[in-house]
There are 4 protein chains.
Amino acid sequence: MFIKIDFTSDMPIYEQIKNQIIEGIARGELQNGDSLPSIRDLASEIGVNMHTVAKAYNELKDMGLIAVNKKHGAYIAVSKGYDKEFLNEMMEELTPIVAKAICKGMNKNELIRLIETIFDSFGGREDE
Amino acid sequence: MFIKIDFTSDMPIYEQIKNQIIEGIARGELQNGDSLPSIRDLASEIGVNMHTVAKAYNELKDMGLIAVNKKHGAYIAVSKGYDKEFLNEMMEELTPIVAKAICKGMNKNELIRLIETIFDSFGGREDE
Amino acid sequence: MFIKIDFTSDMPIYEQIKNQIIEGIARGELQNGDSLPSIRDLASEIGVNMHTVAKAYNELKDMGLIAVNKKHGAYIAVSKGYDKEFLNEMMEELTPIVAKAICKGMNKNELIRLIETIFDSFGGREDE
Amino acid sequence: MFIKIDFTSDMPIYEQIKNQIIEGIARGELQNGDSLPSIRDLASEIGVNMHTVAKAYNELKDMGLIAVNKKHGAYIAVSKGYDKEFLNEMMEELTPIVAKAICKGMNKNELIRLIETIFDSFGGREDE
DNA sequence: GTGGTCTAGACCACA
DNA sequence: GTGGTCTAGACCACG
């Protein structure tokens, strides 16, 4: 699991870290129980401040994807299953993107095919 | 066309304005040629500063959704058709969201159904 | 000689009028002595305010390309020959454009070929 | 790298800043990785408001000439290579200037020599 | 310390 | 009356 920061990106660094770990989990590279590097190690490895990594880990914990304790450090602990709140959040994030696509003339099938392409790029693991 | 700002939101005000106009276009409420309120009018109506509205209008212009002239102010002028760059941008925005959904155990069909729900909420207009 | 205004352009209308007349002269469509429409007529023809046309005509007069008098209205009266001041003005306008081209990796031949293409699009009349 | 503002010029201040940085890059004085002064430093140095500098930096970012991050501020990051859209933009900017030159009796060789003079004033660096 | 966002004013060019 | 530019402040997120 490598984390690669694009310092020219507009996306905050802590969010790049967060997203790459999320994507690692989605891809199946990071499985429940796998441990993440310590905050200090990861920070020095990618050359950022410790509290930038800490912020990323914190949000991952809040999302229910990792757990942190003093003994084992941070490790993957995915609590699967989504509730209505999660769906609302997804809709809020997706709505402006879908609207933009519609404005630019994308039709439903094109959009779905795009989503499928992205979904399949994660290995298509659907837990069934 | 009402614009409603949530001043407690993390989303910048200018982006809320931008998104609501984009969604208005996607919904078909705003059609080519329809004029938007003047920067100052909209600003005073929703209780924000002129520059905040100006920034939103400017980005909409850059996206090719509105045009601006000094006589008539801003009006809808959608240049449809998306290029590869637009698709890349879409993928970059969608990838972390799809990854999050996968982590939470959402499968491909559920995700597609969610997208379809959002798409259809705009009226499902695919060509015009 | 038709004048066609793009109301969505960022270029001021009076400048569009000015440029199209300049280009008409460069193309040889407008020759010395040819008369231009009256300010009132041109304004109503293209649907703009009279003083917008007046401003365009005024600048053309200042450039030494047209003359205006009460008897004949406005007509083409090109005073050829450029002085050092004109060259300085040209350099000031061209410098940032050339710099931009260099930044984007355009080389000298490509730039010259572009200039030649534009020059030839005016008929390549060189008065010799 | 000095930036010198002419407060009496018709050219907006933010555009003067932008152009001088572009010309610095074209001249090779500003190379990839070189950092620019922070928005506030440059603003106070040349005696203008922060926002004015910010607007210049923003447009340079949009042009793909600089990158910005919160740790190190802005620095040169030129993405070379121009597309058709860039060429169209160049043509739109150059056409009225070439037309003006033709009206004043400048011939093709004179114009090309002028362009070459300007190009060479940047050091004639064509590839690197 | 950096840029990003926002406010409340002002003046100007364009139409 | 419209947007465009500019100023002089302020607060916030990121690092």
Side-chain angles (χ1 to χ4, degrees), chain A residues 5 7 9-17 43 46-56 59, chain B residues 5 7 9-18 35-44 46-59 61 66-75, chain C residues 5 7 9-17 43 46-56, chain D residues 5 7 9-17 35-44 46-59 61 66-75:
Chain A
I5 301 302
F7 289 98
S9 165
D10 282 337
M11 190 186 291
I13 293 173
Y14 81 90
E15 203 157 344
Q16 294 186 43
I17 297 170
I46 61 185
V48 304
N49 197 296
M50 271 174 48
H51 73 342
T52 302
V53 178
K55 178 162 191 175
E59 300 209 352
Chain B
I5 300 303
F7 290 98
S9 164
D10 284 338
M11 191 186 291
I13 295 173
Y14 78 89
E15 203 154 345
Q16 295 185 43
I17 298 171
K18 197 174 69 170
S35 65
L36 295 170
S38 83
I39 287 180
R40 282 167 177 78
D41 284 354
L42 182 52
S44 82
I46 62 185
V48 304
N49 189 275
M50 201 192 69
H51 292 110
T52 306
V53 178
K55 180 159 189 176
Y57 278 20
N58 232 317
E59 300 210 349
K61 191 178 77 175
I66 73 173
V68 156
N69 75 49
K70 306 214 171 179
K71 203 190 282 174
H72 307 99
Y75 53 93
Chain C
I5 301 302
F7 289 99
S9 164
D10 282 337
M11 190 185 290
I13 293 173
Y14 81 91
E15 204 158 343
Q16 294 186 43
I17 297 170
I46 61 185
V48 304
N49 198 296
M50 271 175 48
H51 72 342
T52 303
V53 177
K55 179 162 190 174
Chain D
I5 300 303
F7 289 97
S9 165
D10 284 339
M11 191 185 291
I13 296 174
Y14 78 89
E15 202 154 346
Q16 294 185 44
I17 298 171
S35 65
L36 295 170
S38 82
I39 287 180
R40 282 167 177 78
D41 285 354
L42 182 52
S44 81
I46 62 186
V48 304
N49 189 276
M50 201 192 69
H51 292 111
T52 306
V53 178
K55 179 159 191 176
Y57 279 19
N58 233 317
E59 301 209 349
K61 192 177 76 176
I66 73 173
V68 158
N69 74 50
K70 307 216 171 178
K71 203 189 282 173
H72 307 98
Y75 54 93

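The basis for the numbers below is simple: all heavy atoms, side chains too, and nothing from hydrogens, waters or symmetry mates. All chains are named by letter (A, B, ...) in the order of the sequence lines, taking the proteins before the strands, and each is independently numbered beginning at 1. These numbers were taken from a predicted model, which means no experiment stands behind them.
Considering every non-hydrogen atom in both D/Y14 and D/T52, the closest pair reads CB-O, 3.4 Å. Nearest heavy-atom pair across A/F7 and D/Y75 is O-OH, 4.0 Å. In plain terms, the two heavy atoms of B/K71 and C/V48 that are nearest each other are NZ-CA, 4.1 Å.
Across the protein-nucleic acid pair, B/I17 atom CD1 and E/dT7 atom C1' stand 13 Å apart, rounded to whole Å. Rounded to whole Å, the distance from CG on D/L42 to C1' on E/dG1 is 16 Å. Rounded to a whole Å, the CG atom of B/N69 is 9 Å from the P atom of E/dA15. One can place CZ of B/F7 at 12 Å from C1' of E/dT7, the figure rounded to the nearest angstrom.
For F/dC14, the paired nucleotide is E/dG1, the pair qualifying as Watson-Crick or G-U wobble because both relevant distances are below 3.5 Å. Of the nucleotides present, F/dT7 is the one that pairs with E/dA8 by Watson-Crick or G-U wobble criteria, both distances under 3.5 Å.
Both B/H72 and D/G47 lie near DNA chain F, and the one whose nearest nucleotide falls closer to the 5' end is B/H72. Residue B/P37 is the one, among B/P37 and D/K71, whose nearest nucleotide of DNA chain F lies closer to the 5' end (criterion: closest heavy atom).
Residues B/L36 and B/L42 form no side-chain contact, since every pair of their non-hydrogen atoms from C-beta on lies 4.5 Å or further apart.
Residues satisfying the side chain to side chain donor-acceptor pair (under 3.5 Å) criterion with B/N69, sequence neighbours excluded, are absent altogether. Remark: A/Q16 engages no residue in a side chain to side chain donor-acceptor pair (under 3.5 Å) (not counting sequence neighbours).
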Expected rows: protein N/O vs nucleotides 4-6 of chain F N/O, under 3.5 Å:
from	atom 1	to	atom 2	distance (Å)
F/dG4	O6	B/R40	NH2	3.1
F/dT5	OP1	D/Y14	OH	2.6
F/dT5	OP2	D/K55	NZ	2.5
F/dC6	OP1	D/I13	N	2.3
F/dC6	N4	B/H51	NE2	2.1

